[in-house]
There are 2 protein chains.
Amino acid sequence: MPGRHHWQHRFRENVSRWTLPREIILDLLSRSSRHMSAKEIYGALYALYPGLGLTTVYRTLELLHRLGFVQKVTSGDGPGRYELRGEGEKDHHHHLICTKCGRIIDYRDFVQEELDLIKKTEETLAKKHNFLIQDHNIEFLGLCEKCR
Amino acid sequence: MPGRHHWQHRFRENVSRWTLPREIILDLLSRSSRHMSAKEIYGALYALYPGLGLTTVYRTLELLHRLGFVQKVTSGDGPGRYELRGEGEKDHHHHLICTKCGRIIDYRDFVQEELDLIKKTEETLAKKHNFLIQDHNIEFLGLCEKCR
DNA sequence: TAGATAATGATAATCATTTTCATTAATAAT
DNA sequence: ATTATTAATGAAAATGATTATCATTATCTA
Ligand SMILES: [Mn+2]
Ligand SMILES: [Mn+2]
Ligand SMILES: [Zn+2]
Ligand SMILES: [Zn+2]
């Protein structure tokens, strides 16, 4: 869990200014293990920083996503959800999504096998379709413990 | 590509009535190889059947999805897109999604290896999280030929 | 053929996200 | 430090996709 200075540095590298909204949003995301929507983030920070605007939350999340700091999960319907993306491959994971209540569960099983297959597939597809692959998602849909 | 009677029969099984909107939407989907949004479907059918309502298109797609006849693709932003799901495993495929123009490309490479891994993962996860897995998605995100 | 009710379609409502634009604040230059 | 430059912010309105409402219509059952 990198601290302020780490982020501050990475922001400067990207010609982006280090601002209070950005700091508190990153701070919240690094303290939370959940997958939060823009409105949830806004709500959680509003008490601490009532001046914050929902628009800024959206803009900040989009920036963080563009810079690769944050992963966006779009589970069918409902708002987009965001989580910090860890540095190395240790954090690589995918999701189980409950189609009834929207719960999102992280899983990290068979990551190595997955990455092997993904890599092979990526290479083949990139060549075959002249497509520049930047990321991949895997998700399992179904009913969680409570909803089944 | 199953015909009217096939669908009609499967609808009856599900206590759903066989109506004109349902017939023409299924017919369109089975003639199109694309991934169409509700509005695109509405637009394509409007000439033929001007009485059709966009609401009905949404409702029909949701029903088809719920019955498992149709697959929904939610590529980050933009409207949901729908495609008929083939009967057997011959049709099993996943997607390459261009994050710039939204283009969706089907791929069917390494399906067997994928299914092996998916199956193993599914079993493990279902047990570990007491989760009822009903479906899975794999998608590669990046830039298509035109957009890279 | 008639009755029961599922399905439809117009409209309004909702929800998530984006755009606009005047104001503020962060950084660079002095 | 002070100032100038311009990115970032936040309020408000706009947009886009989807869903809810409800009176009307069509399908299917008896
Ligand atoms: Mn996660
Ligand atoms: Mn497809
Ligand atoms: Zn659930
Ligand atoms: Zn493209």
Side-chain angles (χ1 to χ4, degrees), chain A residues 4-5 7-26 35-43 45-67 69-70 72-82 99-100 102, chain B residues 4-5 7-26 35-43 45-67 69-70 72-82 99-100 102:
Chain A
R4 295 130 214 83
H5 301 83
W7 294 118
Q8 195 168 357
H9 186 255
R10 296 190 69 184
F11 264 75
R12 292 255 167 72
E13 275 176 345
N14 285 280
V15 213
S16 297
R17 294 177 180 178
W18 184 246
T19 67
L20 184 52
R22 288 171 183 186
E23 171 161 359
I24 62 178
I25 289 170
L26 271 168
H35 305 80
M36 304 183 79
S37 70
K39 214 192 292 191
E40 283 172 354
I41 292 169
Y42 173 74
L45 293 175
Y46 192 81
L48 173 68
Y49 176 18
L52 183 65
L54 180 56
T55 308
T56 300
V57 175
Y58 274 107
R59 276 191 294 231
T60 303
L61 289 170
E62 202 245 313
L63 174 67
L64 294 174
H65 182 242
R66 188 151 36 81
L67 296 182
F69 301 166
V70 144
K72 185 176 181 182
V73 184
T74 21
S75 48
D77 27 28
R81 303 190 159 271
Y82 302 83
T99 52
K100 195 161 174 204
Chain B
R4 296 129 215 84
H5 300 84
W7 294 118
Q8 195 169 357
H9 186 255
R10 296 190 69 183
F11 264 76
R12 292 255 168 72
E13 275 177 345
N14 284 280
V15 212
S16 297
R17 294 178 179 176
W18 183 244
T19 67
L20 185 52
R22 289 171 182 185
E23 170 161 359
I24 61 178
I25 289 170
L26 271 169
H35 305 79
M36 303 183 80
S37 71
K39 214 190 293 187
E40 283 172 354
I41 292 169
Y42 173 73
L45 293 175
Y46 193 82
L48 174 67
Y49 177 17
L52 183 65
L54 180 56
T55 309
T56 300
V57 176
Y58 274 107
R59 276 190 295 231
T60 303
L61 290 171
E62 203 246 313
L63 174 66
L64 294 174
H65 182 241
R66 188 153 35 80
L67 296 182
F69 301 167
V70 143
K72 185 176 181 182
V73 184
T74 21
S75 48
D77 26 29
R81 303 190 157 272
Y82 302 82
T99 52
K100 195 162 174 205

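Since this is a predicted model, take the numbers as computed values, not measurements. Reminder, nothing fancy here: chain letters follow the sequence lines and each chain counts from 1.
With sequence neighbours left out, the side-chain contact (heavy atoms from CB on, under 4.5 Å) criterion links A/Asp77 to no other residue. In this structure A/Arg12 satisfies the salt bridge (charged side-chain N to carboxylate O under 4.0 Å, His left out) test with no other residue, sequence neighbours excluded. Contacts of B/Tyr46 classified as ring-ring contact (aromatic ring centres under 6.0 Å, His included), with partners at least two apart in sequence or in another chain: B/Tyr42. Checked against side-chain contact (heavy atoms from CB on, under 4.5 Å), B/Lys100 has the following partners two or more places apart in sequence or in another chain: B/Cys98, B/Leu143, B/Cys147. Here A/Arg59 pairs with nothing under the salt bridge (charged side-chain N to carboxylate O under 4.0 Å, His left out) rule; sequence neighbours left out. Taking B/Arg10 as the reference, B/Glu87 meet the salt bridge (charged side-chain N to carboxylate O under 4.0 Å, His left out) condition, with sequence neighbours excluded. Residues that satisfy the ring-ring contact (aromatic ring centres under 6.0 Å, His included) test with B/Tyr58, not counting sequence neighbours, are absent from this structure. Scanning for salt bridge (charged side-chain N to carboxylate O under 4.0 Å, His left out) contacts around B/Glu62 gives B/Arg66, with sequence neighbours left out.
Bracketed by its first and final contacts, the part of DNA chain D lying under 4.0 Å from non-hydrogen atoms of chain A reaches from D/dT6 to D/dA12 in 5' to 3' order.
Atom-to-atom, CZ of B/Arg22 to C1' of C/dA7 comes out at 6 Å; the value is rounded to the nearest Å. Here the C1' atom of nucleotide C/dA6 and the CZ atom of B/Arg66 are 13 Å apart, to the nearest Å.
Between A/Arg81 and A/His35 the shortest heavy-atom distance is NH1-O, 2.8 Å.
At its two ends the helix from C/dT1-D/dA30 to C/dT30-D/dA1 runs along axes set 40° apart, each axis drawn from five pairs and the angle rounded to 10°.
Residue contacts for B/Phe11: at a heavy-atom cut-off of 4.0 Å it reaches no nucleic acid atom on any strand shown. At a threshold of 4.0 angstrom between heavy atoms, the contacts of B/Gly51 are confined to the sugar-phosphate backbone, with no base atom among them.
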Could you list the donor-acceptor pairs under 3.5 angstrom formed by side chains in residues 19-26 of chain A, with sequence neighbours left out?
from, atom 1, to, atom 2, distance (Å)
A/Thr19, OG1, A/Arg22, N, 3.4
A/Arg22, NH1, A/Arg17, O, 3.0
A/Glu23, OE1, A/Trp18, NE1, 3.3

What does nucleotides 18-30 of chain C look like as a protein-contact string, B for base, S for sugar-phosphate only, - for none, at under 4.0 angstrom between heavy atoms?
BBB----BBS---
